[in-house]
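This report concerns only the one structure given below.
Every chain is numbered from 1 and lettered A, B, ... according to where its sequence line falls, protein lines coming before strand lines.
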Amino acid sequence: MPELPEVETVKRGLEPVLTGAKITRVDVRRAGLRFPFPEGFAQALSGARVKGLSRRAKYILGDLDTGFSLIVHLGMTGRFTTLTPQGLQNLGEFYFETGSNESADGPHDHVVFHLEGGTRLVYSDPRRFGMMDLVETARLDQHKLLRDLGVEPLGNALSADYLAAKFKGKAAPLKASLLDQRIIAGLGNIYVCEVLHRSKLSPKRMAGSVKTDKLEELVRHIRDILNEAILAGGSTLQDFQHTDGGQGSYQQRFAVYDREGEPCTCGGTIKRIVQSGRSSFYCPKCQK
DNA sequence: ATCATGACCTGTTAGC
DNA sequence: TGCTAACAGGTCATGA
């Protein structure tokens, strides 16, 4: 699920549960996810209090009162569920059927955070592409996973001039360049497709060939689409049962993503191509 | 250096 | 209905 809007939604859902909360114990059900958990991971978290949460790109960061920070990436299928003593609670975008998963011992429930007061926070991740690590907060910026990240797409550092400098002389297609986390950190496959469509730019277009005034437009659409998606609670591409309330709904507004063969608003037909191993959806008629 | 591809895993879906 | 192949929001390590 998780591109920037989905990660932001999850972070916002976690905030009321975790801010100020004390972690009493952490159960780790396997050696790691994408990478092994660091040495002493569970012990280092036990007894820590969460001072606050933040997001960098698609990473959720937990600032702990021990001087360490928890880094979490949801990969493709990572999810958090809270189990309160009163029952299940939704976390922003994700809703779960009450009664399912209450034991937190499903085959994909890999990490359980026990909080003071009895609430449990369960991390599940079928594909295990997610990541968790602990790092001294003072050295957070130098962490391997974070140090090479580019600008936040919703921050002030993203501008047409910034992109012009990064794209100068670049032969790689726009699609791949916008997915490059070293340039802009947080965009993923869906939102890049959507942004390119609204900008009327072909995903195949060489990044270096886009003029600055067009880059202005591109930047505006990046911000607009991400903000719209965050407002919608992200996009939910799988059918969760019992969606009683607001699960992510931005998928209903996709102009091109996963719409191969359907008509574009311009009258053209949406096409799917593969670029760097991933699907690009676009309209050859209006995206040049 | 830049760029594209395969690898990592499991689950769901389309097609025969 | 059942099997198989293709595909999926992620990033990283590789080899050209």
Side-chain angles (χ1 to χ4, degrees), chain A residues 1-11 29-36 55-60 71-80 92-94 100-101 106-110 123-133 143-150 153 166-195 203-209 225-226 229-230 232-241 247-254 256-261 272-281:
Chain A
M1 268 117 281
E3 295 184 32
L4 187 149
E6 290 74 33
V7 177
E8 178 66 24
T9 301
V10 171
K11 191 214 88 177
R29 304 276 170 73
R30 52 185 312 122
L33 299 167
R34 178 166 183 146
F35 303 114
R55 179 191 56 73
R56 172 77 172 107
K58 299 169 193 166
Y59 293 91
I60 296 171
I71 304 177
V72 178
H73 194 294
L74 304 172
M76 297 271 261
T77 53
R79 281 173 207 155
F80 278 107
E93 159 189 32
F94 304 113
S100 72
N101 205 24
H108 306 305
D109 295 339
H110 307 308
Y123 177 81
S124 359
D125 187 353
R127 289 177 76 177
R128 306 203 299 275
F129 285 173
M131 317 171 201
M132 286 192 197
D133 203 358
H143 191 277
K144 186 179 186 300
L145 295 170
L146 305 179
R147 68 180 174 215
D148 296 321
L149 292 173
K166 289 291 183 184
F167 286 176
K168 192 179 162 95
K170 226 176 167 11
L174 259 183
K175 174 72 184 316
S177 306
L178 291 174
L179 280 175
D180 187 342
Q181 303 295 299
R182 294 167 305 180
I183 299 176
I184 302 178
L187 294 180
N189 204 38
I190 292 175
Y191 295 108
V192 167
C193 289
E194 294 297 311
V195 163
K204 296 194 281 192
R205 177 89 171 260
M206 260 201 302
S209 76
I225 286 181
L226 292 180
I230 290 171
S235 303
T236 305
L237 293 194
Q238 289 183 359
D239 296 326
F240 289 93
Q241 300 173 12
Q247 91 175 15
S249 65
Y250 194 75
Q251 70 279 4
Q252 291 163 16
R253 311 233 294 263
F254 290 162
V256 287
Y257 184 81
D258 205 19
R259 301 182 64 117
E260 181 183 16
R272 172 184 176 270
I273 58 172
V274 174
Q275 291 179 289
S276 37
R278 322 200 52 194
S279 291
S280 293
F281 298 90

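Residues A:H108 and A:D125 bring no donor and acceptor atom of their side chains to less than 3.5 Å of each other.
Residues passing the side chain to side chain donor-acceptor pair (under 3.5 Å) test with A:S276, sequence neighbours excluded: none. Considering only residues two or more places apart in sequence or on other chains, A:R127 meets the side chain to side chain donor-acceptor pair (under 3.5 Å) condition with none of them. Applying the side chain to side chain contact (heavy atoms under 4.5 Å, CB included) test to A:P173 and every residue at least two apart in sequence or in another chain returns A:A176, A:Q275.
Taking the six-membered ring where tryptophan is involved, the planes of A:Y250 and A:Y191 are tilted, since the angle between them lies from 30° to 60°. Aromatic ring pairs are classed by plane angle as parallel below 30°, tilted from 30° to 60° and perpendicular above 60°; the pair A:Y59 and A:H73 is perpendicular.
Going from atom CG of A:L149 over to atom P of C:dG10 covers 14 Å, rounded to whole Å. Computed from coordinates, the A:M76 CE to B:dA7 C1' distance equals 13 Å when rounded to whole Å. Summarising the geometry, the separation between CD1 on A:I184 and P on C:dG10 is reported as 14 Å, rounded to the nearest angstrom. Rounded to a whole Å, the CZ atom of A:R79 is 11 Å from the C1' atom of C:dG9. Separating the CZ atom of A:R182 from the P atom of B:dT2 is a distance of 7 Å, rounded to the nearest angstrom. One can place OH of A:Y191 at 9 Å from C1' of C:dG9, the figure rounded to the nearest angstrom. Following rounding to the nearest Å, A:F281 (CZ) and C:dA8 (P) show an atom-to-atom distance of 6 Å. For the pair A:L174 CG and B:dA4 C1', the computed distance is 17 Å after rounding to whole Å.
For the pairing with A:L179, the side chain to side chain contact (heavy atoms under 4.5 Å, CB included) check across A:L174, A:I184, A:N189 returns one residue only, A:N189.
Backbone-only contact: A:Y257 has heavy atoms under 4.0 Å from sugar-phosphate atoms and none from a base. As judged by a 4.0 angstrom heavy-atom cut-off over every strand, A:R272 is placed among residues touching the sugar-phosphate backbone only. At the heavy-atom level, A:P173 lies under 4.0 Å from the strands shown only through sugar-phosphate atoms.
Only the P atoms considered, C:dC3 is 26 Å distant from B:dC9, to the nearest whole Å. The same atom, P, is picked in C:dG9 and in B:dC3; the two are 22 Å apart, to the nearest Å. Distance check on atom P: B:dT5 versus C:dC7 gives 14 Å, rounded to whole Å.
Along DNA chain B, the nucleotide closest to A:Q275 and the one closest to A:R30 are compared, and the more 5′ of them pairs with A:Q275.
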Hey, what are the protein-to-nucleotides 11-14 of chain C N/O distances that come in under 3.5 Å?
from: C:dT11; atom 1: OP2; to: A:K58; atom 2: NZ; distance (Å): 3.1
from: C:dT11; atom 1: O2; to: A:R34; atom 2: NH1; distance (Å): 2.6
from: C:dT11; atom 1: O2; to: A:R34; atom 2: NH2; distance (Å): 2.6
from: C:dC12; atom 1: O4'; to: A:R34; atom 2: NH2; distance (Å): 2.7

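Contact annotation: A:T77 does not reach the phosphate of B:dT10 (side-chain N/O to OP1 or OP2, under 4.0 Å). For the OP1/OP2 pair of B:dC8 and a distance below 4.0 Å, the side-chain nitrogens and oxygens of A:R127 include no atom meeting the criterion. The side chain of A:H108 places an N or O atom within less than 4.0 Å of a non-bridging phosphate oxygen (OP1 or OP2) of B:dG11.
Screening residues 174-188 of chain A for salt bridge (Lys or Arg N to Asp or Glu O under 4.0 Å) gives A:D180-A:R182 as the qualifying pairs, with residues at least two apart or on separate chains.
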| note | Pairs under 3.5 Å (Watson-Crick or G-U), crossing ones as [ ], inter-strand ones as |: DNA chain B comes out as .|||||||.|||||||
